[in-house]
Amino acid sequence: MTDTQTEKRGSASQWGLGFLHGPSQIYFQQNVITGILVLAAFVIADWRMGVLAAIGAVGGMLGGRAVGFPPSSVASGMQSFCGTLVGAAVFAALGGDAWWSYVLAFVGGLATGPVTWLVNALFTKTPLKVYNLPYTTAPFVIVATIIALSTLSLAVDSPASDLPDEPVAAFFLSLLTNVSQVVLVDNPISGAVILVGLFIASWKVGLAAVMGSVVGTLTAIAMGESWSEIANGLANYSGVLTAIALAVTFLKSSTGSWLYSLPWIVVTAVVTLVMHRAGLETYTWPYILTTWVALIVAHYISGLKRA
């Protein structure tokens with residue numbers, strides 16, 4: 001095998017890994033099996049959503065390379081996870097029937113590259129660098145919000161949820177739909193598949209996801225959110241991300257990090273419901289804003305260490 005052939009094979013391998021790691025990186029994991037299960041969760045919801053998510057992922061990798069992120073960043077999934085989410089968001093907002101939805105998923109994924117560079121520069125080239133804040137899903141929500149606001153006339157109505165709104169059933173369903181709504185999927189089976197993937201990546205990650213889901217749902221109940229909103233996971237999917245981020249990902253996992261995450265999960269749920277009631281595009285903004293603030297505060301707490 002020539003050096004050129006070896007280089008091409010290595011490059012293809014990096015892109016393949018990036019494609020599969022991207023979906024898992026939505027939940028902060030670099031795990032091929034987890035990534036495959038997240039992709040499967042899209043397909044379970046609607047095969048067109050899976051296709052759009054895949055197209056967005058490819059766009060994200062191309063956009064990331066175009067602005068100078070290294071091949072290793074592509075291979076780890078750090079340049080494809082936001083594009084994956086953009087593709088899913090295009091389906092959620094515009095459906096998968098029109099050909100331009102697929103073009104928009106690719107262009108939106110591509111746009112996450114320069115947006116990621118800008119957010120990363122904000123946190124690495126300004127006084128904020130002392131806090132070592134992650135860009136996390138911010139590029140996704142910025143691009144998806146722009147897409148949603150600029151295509152309002154083309155938006156399709158979401159199908160009515162057929163999940164029960166009886167309190168006990170709604171509570172237990174929410175433990176799964178909170179997980180699936182992170183990737184804009186309203187489906188408890190998809191949530192269960194993703195949760196299995198998270199436990200495969202790490203039992204701590206799976207447990208943190210469950211904790212975030214339970215605490216978030218309890219907060220939504222305390223705030224008087226409707227049982228239908230609780231059942232479909234819209235009341236606190238962001239809390240799942242906050243729990244994983246603070247308990248085991250961006251802070252070194254310890255008793256302190258797990259306890260520290262609890263009030264921030266509650267804050268995330270409150271921010272989510274306030275944004276919903278104000279009619280704002282939510283996506284994962286509640287998790288992003290809460291986690292950034294929590295990491296800045298943690299910087300000044302000696303018992304908490306960054307991972």
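Computed from a predicted structure; not experimentally measured. Numbers here simply count residues along the sequence, with the first being 1.
- Here the OG-CG distance, from Ser213 to Leu175, works out to 4.5 Å after rounding to the nearest 0.5 Å.
- Thr291 and Trp264 form no side-chain donor-acceptor contact under 3.5 Å, judged by distance and modelled atom types alone.
- The distance from atom OG of Ser73 to atom CE of Met78, rounded to the nearest 0.5 Å, is 6.0 Å.
- With a 4.5 Å cut-off on side-chain heavy atoms, Phe106 and Val103 do not count as touching.
- When each of Thr217, Asn232, Asn236 is tested with Asn178 by the rule side-chain hydrogen bond (donor to acceptor under 3.5 Å, both in side chains), just one qualifies, namely Thr217.
- Taking the side chain as every heavy atom from C-beta outward, Thr145 and Trp285 approach each other to under 4.5 Å.
- When the options Val205, Val248, Thr136, Leu198 are evaluated for a side-chain contact (heavy atoms from CB on, under 4.5 Å) with Phe28, the one that passes is Thr136.
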*asked:* Assess the residue pair Thr151 and Leu104 against the criterion (side-chain contact (heavy atoms from CB on, under 4.5 Å)); give the C-alpha distance rounded to whole Å, side-chain angles, the decisive distance to 0.1 Å, and a yes or no.
replied: CA-CA 10 Å; Thr151 58; Leu104 194 56; 4.3 Å; yes

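- Within 6.0 Å of CH2 on Trp117 lie no more than 12 heavy atoms contributed by other residues, nucleotides or ligands.
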*After noting the C-alpha distance and the side-chain angles of Leu85 and Val183, does the key distance pass the side-chain contact (heavy atoms from CB on, under 4.5 Å) rule?*
CA-CA 6 Å; Leu85 283 170; Val183 292; 4.0 Å; yes

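- Classified by interplanar angle (parallel below 30°, tilted 30° to 60°, perpendicular above 60°), the ring pair Tyr135/Phe81 is parallel.
- Taking the six-membered ring wherever Trp is involved, the centroid distance between the rings of Phe91 and Phe42 does not fall below 6.0 Å.
- One finds the CG atom of Leu62 at 10.0 Å from the CZ atom of Arg65 (value rounded to the nearest 0.5 Å).
- Taking 4.5 Å as the limit, every side-chain heavy atom of His21 sits out of range of all side-chain heavy atoms of Asn31.
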*Does the pair Thr137 and Tyr287 meet the rule for a side-chain contact (heavy atoms from CB on, under 4.5 Å), with working shown?*
CA-CA 9 Å; Thr137 55; Tyr287 143 71; 3.6 Å; yes

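- Minimum heavy-atom separation, Thr272 to Ala235: CG2-O, 3.6 Å.
- A 4.5 Å side-chain heavy-atom check between Val214 and Val210 finds at least one atom pair inside the cut-off.
- The aromatic ring centroids of Tyr283 and Phe140 lie less than 6.0 Å from each other.
- With a 4.5 Å cut-off on side-chain heavy atoms, Thr282 and Tyr237 count as touching.
- For the pair Gly18 and Met61, the tightest heavy-atom approach, listed with the atom from each and the gap, is C-SD, 3.8 Å.
- Note that the OG atom of Ser190 and the CG atom of Leu37 stand 11.0 Å from one another [nearest 0.5 Å].
- Here CG of Leu128 is found 6.5 Å from CD1 of Ile296. Values are rounded to the nearest 0.5 Å.
- Looking at Phe19 and Thr84, their side chains never come closer than 4.5 Å, going by heavy atoms from C-beta outward.
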*Evaluate side-chain contact (heavy atoms from CB on, under 4.5 Å) for Leu234 paired with Gln181, printing each intermediate quantity in order.*
CA-CA 7 Å; Leu234 289 174; Gln181 283 287 7; 3.7 Å; yes

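- Remark: Leu122 CG is packed, more than 12 non-hydrogen atoms of other residues, nucleotides or ligands lying under 6.0 Å away.
- With hydrogens and angles ignored, the 3.5 Å screen pairs a side-chain donor or acceptor of Thr177 with a backbone N or O of Ala231.
- Between the side chains of Thr290 and Thr242, no donor-acceptor pair is found at a separation under 3.5 Å.
- Separation of atoms CD1 (Ile189) and CD1 (Ile194) is listed at 12.0 Å; rounding is to 0.5 Å.
- At distances below 3.5 Å, at least one donor-acceptor pair connects side-chain atoms of Gln25 with backbone N or O atoms of Ser76.
- Contact between Ile244 and Gln29 at its shortest, heavy atoms only, is CG2-NE2, 4.4 Å.
- Within 6.0 Å of CD1 in Ile33 there are 12 or fewer heavy atoms belonging to other residues, nucleotides or ligands.
- Taking the six-membered ring for Trp and the full ring otherwise, Trp292 and Phe123 have centroids separated by under 6.0 Å.
- In this structure, a donor-acceptor pair under 3.5 Å is absent between the side chains of Ser238 and Thr268.
- Closest non-hydrogen pair, Gly212 versus Ile265, comes out as O-CG2, 3.7 Å.
- The side-chain heavy atoms of Leu246 and Leu295, taken from C-beta on, include a pair separated by under 4.5 Å.
- Comment: Arg277 does not engage Glu229 in a salt bridge, judged by the lack of any side-chain N to carboxylate O separation of less than 4.0 angstrom.
- When all heavy atoms of Thr34 and Ala201 are compared, the pair lying nearest together is OG1-CB, 3.5 Å.
- Counting heavy atoms from C-beta on, the side chains of Tyr102 and Val107 never come closer than 4.5 Å.
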